Novice: 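First the structure, then my questions, so here it is.
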There are 2 protein chains.
Amino acid sequence: MKNPTRAFKDAIYEQFARVGKAISSPRRLELLDLLCQGPRTVEALANESGLTIANTSQHLQVLRAARLVAADKDGLYVIYRLADQQVCEFFRSMRLLAESRLAEVEQIKNRFLDGREGMMPVDRTKLLKLVREDAVTVLDVRPSVEFNAGHIAGALSVPLKELQQHLSDLPRDQEIVAYCRGPYCVLSVMAVEILRARGFKAIRLEEGIQDFRALGFPIIGNEEV
Amino acid sequence: MKNPTRAFKDAIYEQFARVGKAISSPRRLELLDLLCQGPRTVEALANESGLTIANTSQHLQVLRAARLVAADKDGLYVIYRLADQQVCEFFRSMRLLAESRLAEVEQIKNRFLDGREGMMPVDRTKLLKLVREDAVTVLDVRPSVEFNAGHIAGALSVPLKELQQHLSDLPRDQEIVAYCRGPYCVLSVMAVEILRARGFKAIRLEEGIQDFRALGFPIIGNEEV
DNA sequence: ATAGTATTCAATTGATTAATTGAATACTAT
DNA sequence: ATAGTATTCAATTAATCAATTGAATACTAT
């Protein structure tokens, strides 16, 4: 017969484990990461993550059961969003912990990205300072739906897919800093490669919108998750 | 044939999921919570958590594989500790998220603790101020090994098991504030009940040592996890 | 060398989880 | 009312996970 204190603790940790179980799947982590950039339909999430629509829906049900995401109906479409900004912050703290504790993270990054011109070393502190001071042109190369959800104040939206068409809009006499979803998104790597090939002075910042938010940058957008 | 970007993302989220899998078990969460209070042997962890020694060891192997805990040999004994202070912070952010997102947490707390005299409502902000100003007697009622690992500067160590023997040491003219491992530990609930039954002016603070650390209280001890 | 103690390992069993597939449901346009 | 589209549900299968049990390993005291 379990004593009441033991029963209490078992019940409490069972609840905490609901959060752990929700993020124990790489698939659900990717869905959360995408939702950190802004709300999305099931179909859009399936496309971005490479999952089937049914599988995506099932993982979203798990995240919803753990109360990490919420859903709204918009006609035929269901729009999923993070339940709270705190979920983004938690995701970010999990990522930072994984980065600092698991050497494999850096190894994988190096294996897939090392040597790419968009990845050359930058003076991150100086670059962040230049961004804060509006001393550079800041490009957000994510899809515009993510830009609209939230972006650095002053950033221009030039989704990677539209970059070729917008080259003439960009300054050649000022440094261009491109960002996307975060350190493990290659949109800005590719953008910088394209820009540099065309003679622009372009550099990548690996921070994503949630990192900028945590660093105190003013974020503008229609989604206060 | 998976494209390289897809393979990269799959590999990265697989790494992140290692953290999620590690904390998907209520048993491992309790072990982490205990280790947040200070290093412990397998046997001590098994005793506190109600698990068998073999089961405890297996869960510790999982946590070690995720690089969240580290082990040192001390003769016959293996001492487990958290691998980094950041693991504590992550654990705490998971707990705060669960508290804010899962109504069941509050419900369980109420079901097991509601009505107990050690749980009466307190003006938490005022109490924290009084603690900070040394205007109250602060009791740490955890086992002394946990007190030694880290405690609020100025706190007295009176483990619950030894409280009866130390009553004569305690002031009757000053308010006594007792704390233990955190909101889901009942050591301080019981301590306050005993103290009040003996005429002391005692109140419980539900914060644990990691909450105090996050709130900026000076922490003294021999364990800088 | 041996007995005792602490811890880990390995195999087994039962439970849980993830992906797939096809059906069901909900909504819209006609 | 019907067809099309988006999403969810349910059943199935395979993989993973958790607890148990007994054996193995590591260390200490004698």
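All chains are named by letter (A, B, ...) in the order of the sequence lines, taking the proteins before the strands, and each is independently numbered beginning at 1. Because the structure is a prediction, the values reported are computed rather than measured.
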Novice: Under 3.5 Å, side chain of B/Y80 to main-chain N/O of B/L45, donor-acceptor pair present?
Specialist: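 Absent.
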Novice: Between D/dT7 atom P and A/D72 atom CG, what is the distance in whole Å?
Specialist: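 Answer to the nearest Å: 13 Å.
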Novice: Check the distance between C/dT8's C1' and B/L76's CG and give it to me in whole angstrom.
Specialist: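 It works out to 13 Å between those atoms.
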Novice: Any idea which of D/dT21, C/dT7, C/dT21 is nearest the B/T41 side chain?
Specialist: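 Out of D/dT21, C/dT7, C/dT21, the nucleotide with an atom closest to B/T41's side chain is C/dT7.
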Novice: May I ask you to check whether A/Q210 and A/Q85 show a side-chain donor-acceptor distance below 3.5 Å?
Specialist: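 The answer is yes; a qualifying pair exists.
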Novice: The side chain of B/R27 is closest to which nucleotide in this list: D/dA19, C/dC9, C/dA19?
Specialist: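 Ranking D/dA19, C/dC9, C/dA19 by closest atom to the B/R27 side chain puts D/dA19 first.
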Novice: Roughly, in whole Å, what's the span from CD in A/Q61 to C1' in D/dA6?
Specialist: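 Going from A/Q61 (CD) to D/dA6 (C1'), I get 13 Å.
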Novice: Check every strand shown and say whether B/S25 touches a base, only sugar-phosphate, or nothing at a heavy-atom separation below 4.0 Å.
Specialist: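 The answer is sugar-phosphate, as B/S25 gets under 4.0 Å only of primed atoms, P, OP1 or OP2.
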Novice: Which whole-number value in Å describes the distance from A/I53 CD1 to C/dA18 P?
Specialist: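 Going from CD1 in A/I53 over to P in C/dA18 covers 20 Å.
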Novice: From D/dT7, D/dA18, D/dT21, pick the nucleotide closest to the side chain of B/R28?
Specialist: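 Of all the options, the side chain of B/R28 is nearest to D/dA18.
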Novice: Under 3.5 Å for both donor-acceptor distances, Watson-Crick or wobble: does D/dT30 have a partner, and if so which one?
Specialist: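 With both distances under 3.5 Å, D/dT30 matches C/dA1.
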Novice: How many Å lie between CD on B/Q58 and C1' on D/dT16, as a whole number?
Specialist: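 Rounded to the whole Å, the gap is 14 Å.
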Novice: Of the options B/E104, B/E99, B/E206, which is the one that meets B/K109 in a salt bridge (charged side-chain N to carboxylate O under 4.0 Å, His left out)?
Specialist: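 So, applying the salt bridge (charged side-chain N to carboxylate O under 4.0 Å, His left out) to B/K109 and each of B/E104, B/E99, B/E206, only B/E206 qualifies.
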Novice: Nearest whole angstrom, please: distance from the C1' of D/dC17 to the CD of A/E14.
Specialist: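 Value for this atom pair: 14 Å.
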Novice: Name the one of A/H151, A/R181, A/R142, A/E48 that satisfies side-chain hydrogen bond (donor to acceptor under 3.5 Å, both in side chains) with A/Q37?
Specialist: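 With A/Q37 as partner, A/H151, A/R181, A/R142, A/E48 yield a single side-chain hydrogen bond (donor to acceptor under 3.5 Å, both in side chains), made by A/R142.
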Novice: Going by purine N1 to pyrimidine N3 plus the second Watson-Crick contact, or the G-U wobble pair, all under 3.5 Å, which nucleotide sits opposite C/dT17?
Specialist: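 D/dA14 is the nucleotide pairing with C/dT17.
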Novice: Side-chain donor-acceptor pair under 3.5 Å between B/Y13 and A/D33, yes or no?
Specialist: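 On atom types as modelled, these side chains qualify, holding a pair under 3.5 Å.
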Novice: When the distance from OH of A/Y77 to C1' of D/dT8 is rounded to whole Å, what number comes out?
Specialist: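 The answer, rounded to whole Å, is 16 Å.
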Novice: What's the closest nucleotide to the side chain of B/T52 if the choices are D/dT20, D/dA18, C/dA18?
Specialist: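 For the B/T52 side chain, the nearest candidate turns out to be D/dT20.
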Novice: If C/dT25 has a Watson-Crick or G-U wobble mate with both distances under 3.5 Å, name it; if not, just say none.
Specialist: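 Its partner is D/dA6.
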Novice: Quick one: A/N55 CG to C/dT20 P, roughly how many Å, whole number?
Specialist: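 Computing the A/N55:CG to C/dT20:P distance gives 6 Å.
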Novice: Is the phosphate of C/dA19 approached by A/H59 (side-chain N or O, under 4.0 Å from OP1 or OP2)?
Specialist: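 Result: yes.
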Novice: Choosing from C/dA6, D/dT7, C/dT17, which nucleotide comes nearest the side chain of B/E43?
Specialist: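 Looking only at side-chain atoms, B/E43 lies closest to C/dA6.
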